[in-house]
Structure formats: C-alpha cells, structure tokens
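So the structure is just underneath, and the comments pick up after that.
The first residue in the sequence is number 1, and the count goes up from there. This one's a predicted model, so the numbers in the text were calculated from it and none came from an experiment.
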Amino acid sequence: MIGGSSTGKTRACWEAVQLLPGDWQLWHPLEPNHTDAALAGLSEVGPRTVLWLNEIHHYLLTSDPAVGERVAALLRELLRTPGRGPILAFATTHPDEWARLTAASGPPHDTYPQARALLTGAGVSARIPDQFVCEPAAVAQAAQADPRIAEASVADGRQLTQYLAGVPALLERVERASPMALCLITAAVHLRRLGHGLALPAGALEATAASLAPDHTWNEHAPPGWLENALEYLSAPCRGVPGPLSLIRPRPGTPPPDQPLYRLSDYLFELGRYELRHDCPPTPFWKAALRHAYTDEDLRALARSAYERGRVRVSASVPDGTDLLGLYDRASAYVLGQEADRARSENALAKIGEERASGELQRNAFMRYVYRRKAAHCLERLGEPERAAAVWGELADQGNADAFVRVGRQCLAMGQRTEAERWFRQGAEAGEDDAMQALVFLLAEDGLFDEAAKWTERIARPAESGDIYAYSRLGYRFERAGNLSQAKIYFRKAIDAGLVDCYQDLVRLHYEEGDIEGARRLYAEAIKAGETTGPMMRAEKHGEHAEADDLAFTARDHGRTMQPLRLLLLHRLRQPNTLALGKALARQTIDAGEAFMVKGVADELSKAGHHRAVEALQRIFDEVDDCD
C-alpha cells in the first residue's frame, strides 16, 4: 500500500487481516530493530503466517544497502518457495520511498535490484490517493452518523483521513510553539530524513536543536529547563492523537532505555522532509547527531548521509561509517581529477597487499573474495588490463557470475573480441545481467538484432532484475544502424517501463522524420510524466535560470530521473559565462545529498579537459567538508 501519512494504508491492511481464518498468525519483525529481526526470523516463517511489514522502507533502505538487499532476497525466496506457503505479506510505504526503491538505475549504480524485484514482481501494489475519493452523498450520509466526519468534511472535505488523524491540531500546535520548540521539531525532521530511526533520544534532540538555534534565539529563549518545557508542550496529545513528538513507552518485559525516547509525528516528518529536502545542516549538527545517535545502525546511516553530502571528515569520525574495507583515505575522498583517481587506486592496492601479507585474508573466504574484486577494480583504473583480466578470470573460475563480464571487458580492452564474447556468453547463460548486456552490444555490432532483442527482453523482465535501461541501449543501437522504426519501438518500451528520460530520444526521432505534430504530442506527454529536460533547457537558453533549477530538481525530487540535473550542471560548468551559476547549482546539489553525482560530473569534465571547472568543484568540496 503506497500513500502519504494518515491516508489509511495501515488501516486498510488491518481490515484485510480480519478476513483471514482464525488459525492464521501474524508476525511483525521489530526487535531489536527492523532488519536484524527480519534477518533472524524469516527462515523460520511457516505456512499460514501474515508477515506485517509496516513501513517496509525501514527494512530495505539501510545505511549499508547490502543489508536491505539481503532482507529483500530472503523475502523473495520465502514468497516463491513451494511448501512454505500459504504466506500473506502486507507492506506499506510512502511514495518517495517507493520511487527510490523501484527506480531503475543502470549499472554500476543499481543499488536496490533485489528490493525492486520484490516490490514490482512479487505481488500487487495499490496507491492510496492523498485526497479522499468518494461520492458526496456517501460522505454526507457518513457525516450524519458520525460528528467527527461531519467536522472533517466541513473543515477539509478532501483530506478526511488526515483531518481525523489530528493533522489540523498538530499544525496548530506547531504554529504556537516557542522558538526552541520549533528548533526541536526541525532537528527531529533532520535526524529522521538523514537516516536516524524512529526512536529519537532526548539527548540527540537537545544537542541538535541547540546546534540549529541562532545566537539570539539561544540567548533569549533557552533558559534552564527549556528542553523539559518544550518536550512537555510537544508531546501532549492533539485531539486524541499523539503530539508532534510523542514519548515512546517501553513494553513490559523490555529493559528501559537510558534516556527518554521520542517519535516524530509521521505527518510532520513527511511535510518537513520535503520542505528541507535541499537543506544540509551545519557541521555542529552533524557532530551532535553522530555523538548522540541511538543505535549503531542510526550512527552508520547518519554517517552515510554526511558522506553523500560531501561532509567526508564528519563521516570519517565514525569507524567503518562509509568504507567497510578502509581502502580509501576518506579525508580525500572527493579529491577530483584523473591523477587523484590513480593515487587512490595505488594506495588501495598497497593496503590490499598489506592485508594479504598479514595472512588475515587466508582465514576469511568472504573478505578474500572482496579484496580480490577491489584489486581488480584498481588495476582497471590504473590501465593494466592484463593483470585485471587475470584476477577476474580467477574469480569467474571460482563460480562468481559477475566476474564473467569483467574479464570479458578486459579482453575487449586488449583487442580480444572473440575471447570477450565467449566470457560474456558464459556469464549471460549463468544469468548475470551485465554479461547479457555486454553480449547484446556485440550482437548488435554484428547486426544480429533478433538475438540481441531476445537477450534484451530477458534483461528487462520486471519480475526479476527490471533493468529497463536495456531497452534504451538497444534503441540507440538500432538508431546507430539506421533502423529508426525499431529504435522508436525500444525507446517507447523503455518509457512504458518507467524510463522517462527516453522521451527526449523519441521526440528527437519524430522531429528527424518530419513528424512535427507527433513530436509535439510526445513533448507534452513527457512534461506530464516528469521528464523536464526540454523545458529546462529552454528556460536556461532564455536566461530563466531559477526556472531551470526548479525543473531540474523537480524530476530529482519526485524520484523520476537525475538526468536533467546532470545535464544542467554539465551545460553550465562547461561555459565560462555560466560557471558561477554552475558552481551555485553544484553546491545546492551536494547539500541535497548528491555529492556522488557531482563527482561524476567532475570526472566527465576532467576527461574533456575543462580543468577550470574541475578546480572550481574541488574548492566547493573542500568548503563543504571544512569541519572547523
């Protein structure tokens, strides 16, 4: 069930549970935390069980994506294994989390393939509208029977469930809050949106709120006892529902926490995280948040968010916060340029050599495998394809399917095309998507489009990997071969599967064929779908830079595509007269949590020789990472 806060997701699932026979049991994996409970208990789930996954993003969106992917893989295995059913799994989530978990990403940045396959291929999804959809006569009849509905229909006739959940009272409570109470709410929103779990310790709220308060607010409105007064005000119920910050009471038999824990109102969290989506708190906030994080998972999640926003030194204060292997010096993680990449690769190889010499890797097969992969990646970046191919070949011979495509690529780099195709076929037949895609490239080059199309359909199957970029890649190859009719078919397949970026390609082909009317219809359709590249670049061309910024972030904020934002950054940073605008947009992008994307743009600019722009981006990274 997908919907905003207080729209009725959980209630709808609960009503459905009541229809089951009495011999069914319900399991809600929750303690000690969502992911640990699921990982520990999923293998024990038996038939006639309702698996209750309220807010499933807490299970799948983890600070280490591999953990959430493990949960998703176990859930998929449970739901499709004969003999373990019948199993009924209920899940709820918000639209933003749904978009993040189901968005298709091209390799190597496909972070949630297992989660996407689980959510889009294992069941049925339903979206609950934010506004109440009902015949007016039915609402009027319900209002006659229940004065609460009568009040809600008069006050807000379209958002009945939100009103009944006490939203107006919540907002009124916030509007009348003291300046420090408002700082508490803002701190709570920041903590939650940056990765902290539901349980917010009083110490974390106090320290982070103090870090956000301007000097005059702190001096005038934070006398002794301000925290207790603010929490008392914010935790009082609002018309029968919890207040903005509600106290979490320990269940009988569970050890009491060492300090009070509070939960932020779901509605305020959803509202606040959108309003603050482009804001990055100051360094004192990050230090306070990391110092007072409630669990290790909360600590790692916050460190990861700091890292994504270019606050590398803040993140580095957390042991293993973002780099489990410790291969890179995180204090220089965003040093840009090709020489910096080479230096990091050499440094990583040296550290791998030290670990191997210590003998520790011989006792841990998993870490030995991970380090071998790291070594191969570093050799690739250092331009040593023969040594990289040898390492990948060893991993492939050991049964690691993803190594087939890697050794094949190194064979291509050395001009060994026949040998590369042999490796790609082995990987494709083993079910490795990247190997299938690499094989498609070679088949298309040879004009074997029928076989290429068969492999493409297998790659893009939504119930499995769902790599819809495979459709667009084959579309480009048809276009390159001059077959525009087939190119349009595959661009449309990509669009229908959710890859809205391809509207621009489809529009372009219609223009090239002289179908002006068809191109215009597609252009209007693209804007409705959230593909804002066209209107964004038009606004940029006419000097409407604020409008262009807004259109670029619109696609990003709604989980549709990062492409407009990336294109706008490249466009501005390449030209001296818009370099200042590009720097401002880069800073905003980093603060919004897309430091990796900005680094990717810097890599492109470095390869193209735009050194002045790369130096400007390096200065921005240095500024945001200044902990003083």
Side-chain angles (χ1 to χ4, degrees), residues 95-96 99-100 103-106 109 274-280 468-469 472 475-476 479 491-492 494-512 515-605 608 610 613 616-617 620:
D96 288 349
R100 184 177 173 189
S105 302
H109 304 298
Y274 184 77
E275 292 180 350
L276 299 172
R277 65 195 184 281
H278 298 159
D279 288 1
C280 185
I468 56 178
Y469 282 86
S472 65
Y476 291 126
E479 181 183 359
F491 286 141
R492 171 50 76 177
I495 292 168
D496 292 342
L499 188 58
V500 296
D501 304 41
C502 286
Y503 269 115
Q504 296 303 313
D505 299 295
L506 203 53
V507 167
R508 175 173 49 77
L509 292 184
H510 276 266
Y511 271 123
E512 289 178 5
D515 182 9
I516 307 302
E517 185 60 34
R520 288 173 177 167
R521 285 197 303 270
L522 282 167
Y523 191 70
E525 185 183 325
I527 295 173
K528 281 185 69 175
E531 209 319 279
T532 61
T533 303
M536 177 194 73
M537 294 308 295
R538 185 172 66 243
E540 181 73 1
K541 181 180 179 181
H542 293 153
E544 299 167 353
H545 302 301
E547 176 68 12
D549 287 356
D550 184 61
L551 288 166
F553 274 107
T554 293
R556 180 258 183 194
D557 292 340
H558 289 85
R560 292 190 175 103
T561 174
M562 294 290 294
Q563 187 69 353
L565 187 54
R566 189 185 71 84
L567 288 176
L568 187 59
L569 271 171
L570 282 169
H571 174 77
R572 289 183 180 175
L573 291 167
R574 283 175 180 149
Q575 304 173 79
N577 62 323
T578 57
L579 181 59
L581 287 168
K583 289 161 57 180
L585 183 61
R587 175 62 187 262
Q588 187 180 9
T589 303
I590 292 170
D591 285 350
E594 303 295 346
F596 294 124
M597 194 267 278
V598 177
K599 185 179 183 300
V601 167
D603 291 342
E604 292 186 58
L605 293 169
H610 295 280
L617 290 177
I620 292 173

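For the side chain to side chain contact (heavy atoms under 4.5 Å, CB included) test, residues two or more places apart in sequence or in another chain that qualify with Asp550 are Thr554. By the side chain to side chain contact (heavy atoms under 4.5 Å, CB included) test, Arg574 is found to be paired with Leu570, Leu605, His610, residues two or more places apart in sequence or in another chain being considered. Remark: Glu604 pairs with Arg566 by the salt bridge (Lys or Arg N to Asp or Glu O under 4.0 Å) rule, at least two apart or across chains. For Gln588, the side chain to side chain contact (heavy atoms under 4.5 Å, CB included) test picks out His278, Phe553, Leu585, with sequence neighbours left out. Applying the salt bridge (Lys or Arg N to Asp or Glu O under 4.0 Å) criterion to Asp279, with sequence neighbours excluded, gives no partner residue. By the ring pair (Phe, Tyr, Trp, His ring centres under 6.0 Å) test, Tyr511 is found to be paired with no residue, residues two or more places apart in sequence or in another chain being considered. Listed by chain and residue number, nothing satisfies the side-chain hydrogen bond (donor to acceptor under 3.5 Å, both in side chains) test with Thr532 (two or more places apart in sequence, or in another chain). Tyr476 pairs by the side chain to side chain contact (heavy atoms under 4.5 Å, CB included) definition with Ser472, Glu479, Phe491, Asp505, Arg508, not counting sequence neighbours.
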Next on the checklist: Quick one, Thr533 with Asp501, criterion side chain to side chain contact (heavy atoms under 4.5 Å, CB included). Give me CA distance, side-chain angles, the key distance, then yes/no.
Outcome noted: CA-CA 8 Å; Thr533 303; Asp501 304 41; over 6 Å; no
Checklist entry - Going through the checks in order, is the side chain to side chain contact (heavy atoms under 4.5 Å, CB included) test met by Leu573 and Leu579? => result CA-CA 5 Å; Leu573 291 167; Leu579 181 59; 3.7 Å; yes
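Side-chain contact between Leu499 and Gln563: absent, with no pair of heavy atoms (C-beta onward) separated by less than 4.5 Å.
Note that CD of Glu275 and CZ of Arg277 are 9.0 Å apart. Values are rounded to the nearest 0.5 Å. To the nearest 0.5 angstrom, Cys502 atom SG is 12.0 Å from Leu522 atom CG. Considering CD1 of Ile590 and CD1 of Ile620, their distance stands at 6.0 Å, rounded to 0.5 Å.
The shortest heavy-atom contact between Ala586 and Leu617 is CB-CD2, 3.6 Å. Closest heavy-atom contact between Leu568 and Ala552: CD2-CB, 4.0 Å. The two atoms that bring Ala548 and Ala539 nearest to each other are N-CB, 4.1 Å, heavy atoms only. Considering all non-hydrogen atoms of both residues, Gln504 and Gly534 come closest at NE2-N, 3.6 Å.
Applying the side-chain hydrogen bond (donor to acceptor under 3.5 Å, both in side chains) test to residues at least two apart or on different chains, the pairs with a partner in residues 592-603 are Arg556-Glu594. Sorted by first and then second residue, the ring-ring contact (aromatic ring centres under 6.0 Å, His included) pairs involving residues 566-585 (not counting sequence neighbours) form an empty list. Within the structure, salt bridge (Lys or Arg N to Asp or Glu O under 4.0 Å) pairs that include any residue of residues 532-544 comprise Glu540-Arg572 (at least two apart or interchain).
Remark: Arg520 fails to qualify as a cation-pi partner of Tyr523 under the 6.0 Å distance and 45° angle criteria applied to the six-membered ring.
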